[in-house]
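Reading through the structure tokens given below for one structure.
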Amino acid sequence: VESFVIMPRGYKLVITPGAKIQFGKDAGILLYGPLQAIGTKLNEISLTAVDDQGWLGVTLLQSNFWSPNDRSQLEFVNFKGLREHRVGNWQLTGAINFIESDVTFKDVLIEDAEAEDALNVVQSQFEFRRLSIFRAYSDAFDSDFSKGKIVESNFTAIGGDGVDLSGSDVLLTNSVFNKIVDKAISVGEASKLKA
């Protein structure tokens, strides 16, 4: 994929098991509907950069509004070589963003993210089980005004915070934080954390 892909409002993007998609430096995905990327242990889904210039990542914007009965699901998905989401004058802090878009992750890997947040969830509900974030330039996961669970997850070689909460309500269990430059867990702006 060499250019930026924008899906129409209310449509679901389905990525099938075993898919391997490479993105050029100006390529990324913007969705107004849910993302279904369900791989298996033997047929993982891979979204990576063509070269060391990276790619612009994935953003879901208001899929709760456009597809209210359909939650995003990602299983056995590997993201690699991400940069912050930037299109023209529009820029987000995250390489992967779920904004007003509920999501479930199982066995998802995010590796080599050069962005303020490798993964950013805003005003959404989330559940992450066995999420692994390796080599993030700054924060690994940033939750803004969201509610969710992080279970059996791994945050390693992180340039900022492992988990950064603002105005969020989060349960975090059985997770590993290793080689974190700033804080393993940052809880601010009236957030609630049970860890």
Side-chain angles (χ1 to χ4, degrees), residues 7 11-23 28-29 31 33-48 55 57-61 63-64 67-82 85 94-113 115 117-136 139-144 146-158 161-165 168-178 180 184-185 193-195:
M7 294 286 290
Y11 280 77
K12 177 192 288 187
L13 174 61
V14 177
I15 302 175
T16 56
K20 296 183 182 349
I21 307 172
Q22 290 188 309
F23 295 84
I29 301 174
L31 304 172
L35 170 61
Q36 181 179 303
I38 300 178
T40 67
K41 194 169 187 177
L42 296 178
N43 284 297
E44 295 181 333
I45 294 169
S46 173
L47 291 87
T48 62
W55 62 289
V58 177
T59 291
L60 279 79
L61 189 59
S63 71
N64 289 352
S67 300
N69 299 316
D70 211 349
R71 181 185 183 110
S72 290
Q73 291 183 287
L74 288 80
E75 297 183 21
F76 291 99
V77 179
N78 298 331
F79 294 92
K80 188 170 182 179
L82 299 148
H85 205 90
I96 301 171
N97 303 280
F98 289 85
I99 302 169
E100 297 179 33
S101 302
D102 297 343
V103 60
T104 299
F105 279 6
K106 289 182 183 175
D107 298 289
V108 171
L109 169 65
I110 301 170
E111 191 174 11
D112 297 323
D117 309 311
L119 172 61
N120 190 17
V121 174
V122 181
Q123 294 182 339
S124 304
Q125 293 189 17
F126 64 88
E127 183 173 345
F128 301 149
R129 186 173 295 274
R130 293 181 300 279
L131 165 66
S132 296
I133 301 181
F134 293 142
R135 292 188 300 274
D139 293 347
F141 170 56
D142 190 345
S143 173
D144 297 311
S146 296
K147 183 174 183 178
K149 298 178 183 178
I150 303 168
V151 181
E152 298 174 359
S153 295
N154 189 322
F155 305 87
T156 298
I158 307 302
D161 298 332
V163 170
D164 186 4
L165 307 180
S168 295
D169 187 348
V170 173
L171 170 67
L172 190 154
T173 62
N174 293 36
S175 295
V176 175
F177 295 84
N178 188 29
I180 311 293
I185 305 169
L193 171 69
K194 183 175 182 181

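With a 4.5 Å cut-off on side-chain heavy atoms, Asn78 and Glu111 do not count as touching. Under the 4.5 Å side-chain criterion, counting only non-hydrogen atoms from C-beta, Leu193 is not in contact with Val163. Residues Thr48 and Gln22 are in side-chain contact: their nearest non-hydrogen atoms beyond the backbone lie under 4.5 Å apart. Leu171 has its side chain out of reach of Val151: every pair of non-hydrogen atoms, C-beta onward, lies at least 4.5 Å apart.
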Going through the checks in order, is the side-chain contact (heavy atoms from CB on, under 4.5 Å) test met by Asn120 and Ile99? CA-CA 8 Å; Asn120 190 17; Ile99 302 169; 6.0 Å; no

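In this structure, Phe126 and Phe141 have perpendicular ring planes: the angle between them is above 60°, well past the 30° mark. Between Trp55 and Phe79, the ring planes lie parallel to each other; the angle is under 30°, not in the 30° to 60° tilted range.
Here the CD1-CD1 distance, from Ile38 to Ile45, works out to 8.0 Å after rounding to the nearest 0.5 Å. Note: Asp70 CG to Tyr11 OH = 14.0 Å, rounded to the nearest 0.5 Å. Interatomic distance, Lys80 NZ to Leu47 CG, rounded to the nearest 0.5 Å: 13.5 Å. Within the model, atoms CD1 of Ile150 and CD of Glu127 stand 11.0 Å from one another, a figure rounded to the nearest 0.5 Å. The distance from atom CD of Gln36 to atom OG of Ser72, rounded to the nearest 0.5 Å, is 9.0 Å. Annotation: the span from Leu13 atom CG to Ile29 atom CD1 amounts to 5.5 Å, rounded to 0.5 Å.
When every heavy atom of Gly33 is checked against every heavy atom of Ser67, the shortest pair comes out as CA-OG, 4.1 Å. Taking each heavy atom of Ser124 and Glu100 in turn, the nearest pair found is OG-N, 3.1 Å. For Asp107 against Arg130, the heavy-atom pair with the smallest separation is OD1-NE, 2.8 Å. When all heavy atoms of Ala37 and Val77 are compared, the closest pair comes out as O-CG2, 3.3 Å. Contact record, Ile180 with Gly162: CG2-N, 3.8 Å, taken as the closest heavy-atom pair. Considering all non-hydrogen atoms of both residues, Ser175 and Glu152 come closest at OG-N, 3.6 Å.
A distance-only check finds no donor-acceptor pair linking the side chain of Ser46 to the backbone of Lys20 [under 3.5 Å]. Asp139 places a side-chain N or O within 3.5 Å of a backbone atom of Asp161 that can act as its donor or acceptor partner. Side-chain N or O atoms of Ser168 include one that pairs as donor or acceptor with a backbone N or O of Ser143 at under 3.5 Å. Using a distance-only test at 3.5 Å, with no hydrogens or angles considered, no donor-acceptor pair links the side chain of Ser63 to the main chain of Ser101. Without hydrogens or angle criteria, Arg71 side chain to Val103 main chain gives a donor-acceptor distance under 3.5 Å. Side chain of Asn97 to backbone of Gly94: a donor-acceptor contact under 3.5 angstrom is found. In this structure, the side chain of Asn64 engages the main chain of Asp102 through a donor-acceptor pair within 3.5 Å.
The side chain to side chain contact (heavy atoms under 4.5 Å, CB included) with Phe128 is formed by just one residue from the set Thr104, Ile133, Leu119, Leu172; it is Leu119.
For the residue pair Ser132 and Asn154, no side-chain donor N or O sits within less than 3.5 Å of a side-chain acceptor on the partner.
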